[in-house]
Colleague: 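Below is a structure I'd like to ask you about.
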Amino acid sequence: MSAADIKTAGPEVSASRPPRGDGPAPSAPRRSRWTNGPLLPYLLIAPAVVALAAVFVWPLIKTVIMSFQDVGRRELWTGQAAEWVGFDQFTNILGDSEFYDVVWRTVLFMVVCVVSTLAIGLFLAHAMQRMTKAVRLLLTGALIAAWSLPLLVATSIFRWFADSDYGVANMVLTEYLGLDFQGHNWWLDPKQGFLMIGAVVVWGAVPFVTVTLYAAFTQVPSELEEAAELDGAGRIGVFRYVTWPVIKPVFQMVATLSVIWDFNVFGQVFLMRGNKPEEEYNLLGLYSYEKAFESNSFSQGAAIALITVLLLSGVAVYYLRQLLKIGEVE
């Protein structure tokens, strides 16, 4: 067959000719069920699931088991099987009037800290919109530096602020405001003591709230705000009808996280009181710690921790719903 005949025959003859080369044509690579199939996403998240199960799920299961047992120092150290006591631990706790005092104190402390944190964070985030770029960057750097400060260092600084002899708070109130706070001890009155502890909590939480809310403010269309101002709406009206609907999902998410964090405050109280908090400063976390490690009733400590988890479960569900709503909007 001549070259002209091959050209005239068209693609049928050319297709029938074997490809050039010594060996057969390479076959298409096989798709593995693990690397390209539907199991790949589960394979990728498997290490994270295992880590979460080891860090969170297994301790939670052990806490539930211990709360229905009578685990003391002997059972914990020797590994001896603990006696099952059913709901006795919960009955003892719920029948103790001190438990309700601690719950009330924890809720009140949480509410004050959350409201203060959200108010300061919302104010700073709104103010950052009107700052120059240099001032905004300086403030953002200061907030991140405060947020990254270790808890031990932060509590040491605030303990120095509240020191009765050399504290900055007493000096400012005495010398600059004319009040008689020379040598004042802030820890004799639990209300004043919680004021200092709350200052540590708010100071550590404001940076996250501020930066998150400022990111939400940047998503508000400036055209809508300008149009509202042209229609005669004041600053409050613009914020209420234009800005707030946009930042509301993020604000709710931040508020829910603040509730969870401030309800579980432990380190701030523990460190501010020199690792030996008085009963008047007991919150739920400290109450559980005291029952477990000072009274050597580890099962009661586990039961209080489980009650705390149940109290916060509704807040956690609400937080997850807010995350899902934000995902749907995006």
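Nothing fancy with the numbering, it's 1 onward along the sequence. When reading the values below, keep in mind they use all heavy atoms of this one structure, side chains included, and skip hydrogens, waters and symmetry mates. These numbers were taken from a predicted model, which means no experiment stands behind them.
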Colleague: Could you state whether Leu122 and Val211 fall into the same hydrophobic cluster, counting links through intermediate Ile, Leu, Val, Met, Phe, Trp or Tyr residues with side-chain heavy atoms under 4.5 angstrom apart?
Modeller: no

Colleague: Can you find a pair of side-chain heavy atoms, one from Arg105 and one from Val102, that are under 4.5 Å apart?
Modeller: yes

Colleague: Report whether Leu94 and Val85 are members of the same hydrophobic cluster (ILVMFWY, side-chain heavy atoms less than 4.5 Å apart, transitive linking).
Modeller: no

Colleague: Using every non-hydrogen atom in the two residues, find where Ala169 and Met196 come nearest and quote the distance to one decimal.
Modeller: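 Smallest heavy-atom distance, with atoms named: CB-CE, 4.0 Å.
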
Colleague: Could you pull out all residues at least two apart from Phe194 that satisfy ring pair (Phe, Tyr, Trp, His ring centres under 6.0 Å)?
Modeller: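 Per chain and number, Phe194 pairs via ring pair (Phe, Tyr, Trp, His ring centres under 6.0 Å) with Phe109, Tyr281.
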
Colleague: Does Thr155 reach the main-chain N or O of Leu152 with its side chain, forming a donor-acceptor pair under 3.5 Å?
Modeller: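 Here the side-chain-to-backbone pair exists.
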
Colleague: Would you mind reporting whether Thr132 and Arg136 have side-chain heavy atoms less than 4.5 Å apart?
Modeller: no

Colleague: Centroid separation under 6.0 Å, is that true for the rings of Phe208 and Trp147?
Modeller: yes

Colleague: Within the distance-only criterion (no hydrogens, no angle test), does the side chain of Thr218 pair as donor or acceptor with the backbone N or O of Ala215 below 3.5 angstrom?
Modeller: yes

Colleague: Mark yes or no for whether Gln89, through its side chain, and Gln69, through its backbone, hold a donor-acceptor pair below 3.5 Å.
Modeller: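 Judged by distance alone, yes, a pair lies under 3.5 Å.
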
Colleague: Would you check if Leu179 and Thr174 make a side-chain contact, meaning some heavy-atom pair closer than 4.5 Å?
Modeller: no

Colleague: Within the side chain of Ser288, is there an N or O that forms a donor-acceptor pair under 3.5 Å with the backbone of Leu284?
Modeller: no

Colleague: Let me see the working for Thr140 and Met128 under side chain to side chain contact (heavy atoms under 4.5 Å, CB included), right down to the final yes or no.
Modeller: CA-CA 9 Å; Thr140 304; Met128 288 175 66; 3.3 Å; yes

Colleague: Please find the pair of heavy atoms, one from Ala54 and one from Pro59, that lie closest to each other, and give the distance.
Modeller: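 Looking at all heavy atoms of both residues, the shortest contact is O-CD, 3.5 Å.
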
Colleague: Nearest 0.5 Å, what's the OG-CD1 distance between Ser67 and Ile304?
Modeller: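 Reported value, rounded in 0.5 Å steps: 11.0 Å.
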
Colleague: Tell me whether Val112 shares a hydrophobic cluster with Met110, the cluster being built from Ile, Leu, Val, Met, Phe, Trp, Tyr side chains joined at under 4.5 Å.
Modeller: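 No; tracing contacts between hydrophobic side chains, which count when under 4.5 Å, never links both residues.
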
Colleague: Parallel under 30°, tilted from 30 to 60°, perpendicular over 60°: which one fits the rings of His126 and Phe239?
Modeller: perpendicular

Colleague: Using modelled atom types and a 3.5 Å cut-off, is there a donor and acceptor pairing between side-chain atoms of Asn264 and backbone atoms of Ile260?
Modeller: yes

Colleague: Give a yes or no on whether Phe68 and Ile65 share a hydrophobic cluster (residues Ile, Leu, Val, Met, Phe, Trp, Tyr; joining criterion: side-chain heavy atoms under 4.5 Å apart).
Modeller: yes

Colleague: Is Leu124 isolated, or which residues cluster with it under the ILVMFWY side-chain rule of less than 4.5 Å, directly or via members?
Modeller: Ile120, Phe123, Val202, Val206

Colleague: Are the side chains of Asn170 and Gln182 in contact, using a 4.5 Å heavy-atom criterion?
Modeller: no

Colleague: Find out whether Trp244 and Arg240 are in side-chain contact, i.e. whether some heavy atom of one side chain is under 4.5 Å from a heavy atom of the other.
Modeller: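 Result no, sub-4.5 Å side-chain heavy-atom pair not found.
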
Colleague: Compare every heavy atom of Val265 with every heavy atom of Leu283, then report the nearest pair and how far apart it is.
Modeller: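 Between these two residues, the closest heavy atoms are CD1-O, 4.1 Å.
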
Colleague: Please name the residue in the list Val114, Val209, Ile247, Thr210 that meets the side chain to side chain contact (heavy atoms under 4.5 Å, CB included) test with Val254.
Modeller: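 That would be Val209.
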
Colleague: Which is it for Leu149 and Ile157 under the side chain to side chain contact (heavy atoms under 4.5 Å, CB included) test, yes or no, and what are the steps along the way?
Modeller: CA-CA 11 Å; Leu149 199 65; Ile157 294 173; 4.1 Å; yes

Colleague: Given 3.5 Å as the limit, does a donor-acceptor pair link the side chain of Ser299 with the main chain of Met66, or not?
Modeller: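 Indeed, once roles are kept as given, a pair shorter than 3.5 Å links the two residues.
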
Colleague: Taking it one step at a time, do His184 and Gln192 satisfy side chain to side chain contact (heavy atoms under 4.5 Å, CB included)?
Modeller: CA-CA 11 Å; His184 179 72; Gln192 297 181 4; 2.6 Å; yes

Colleague: Considering only residues two or more places apart or on different chains, which pairs with a residue in residues 40-67 satisfy ring-ring contact (aromatic ring centres under 6.0 Å, His included)?
Modeller: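 The answer is none; no pair qualifies.
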
Colleague: Classify the side-chain pair Asp163/Trp186 by whether it contains a donor and acceptor separated by less than 3.5 Å.
Modeller: no

Colleague: Taking the ring of Phe217 and the ring of Tyr214, is the distance between their centroids below 6.0 Å?
Modeller: no

Colleague: Of Asp96, Thr106, Asn282, Thr308, which meets side-chain hydrogen bond (donor to acceptor under 3.5 Å, both in side chains) against Tyr287?
Modeller: Asp96

Colleague: Got a donor-acceptor contact below 3.5 angstrom from the Asn185 side chain to the Ser164 backbone?
Modeller: no

Colleague: Check the surroundings of atom CD in Glu279: do more than 12 heavy atoms from other residues, nucleotides or ligands lie under 6.0 Å from it?
Modeller: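 No.
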
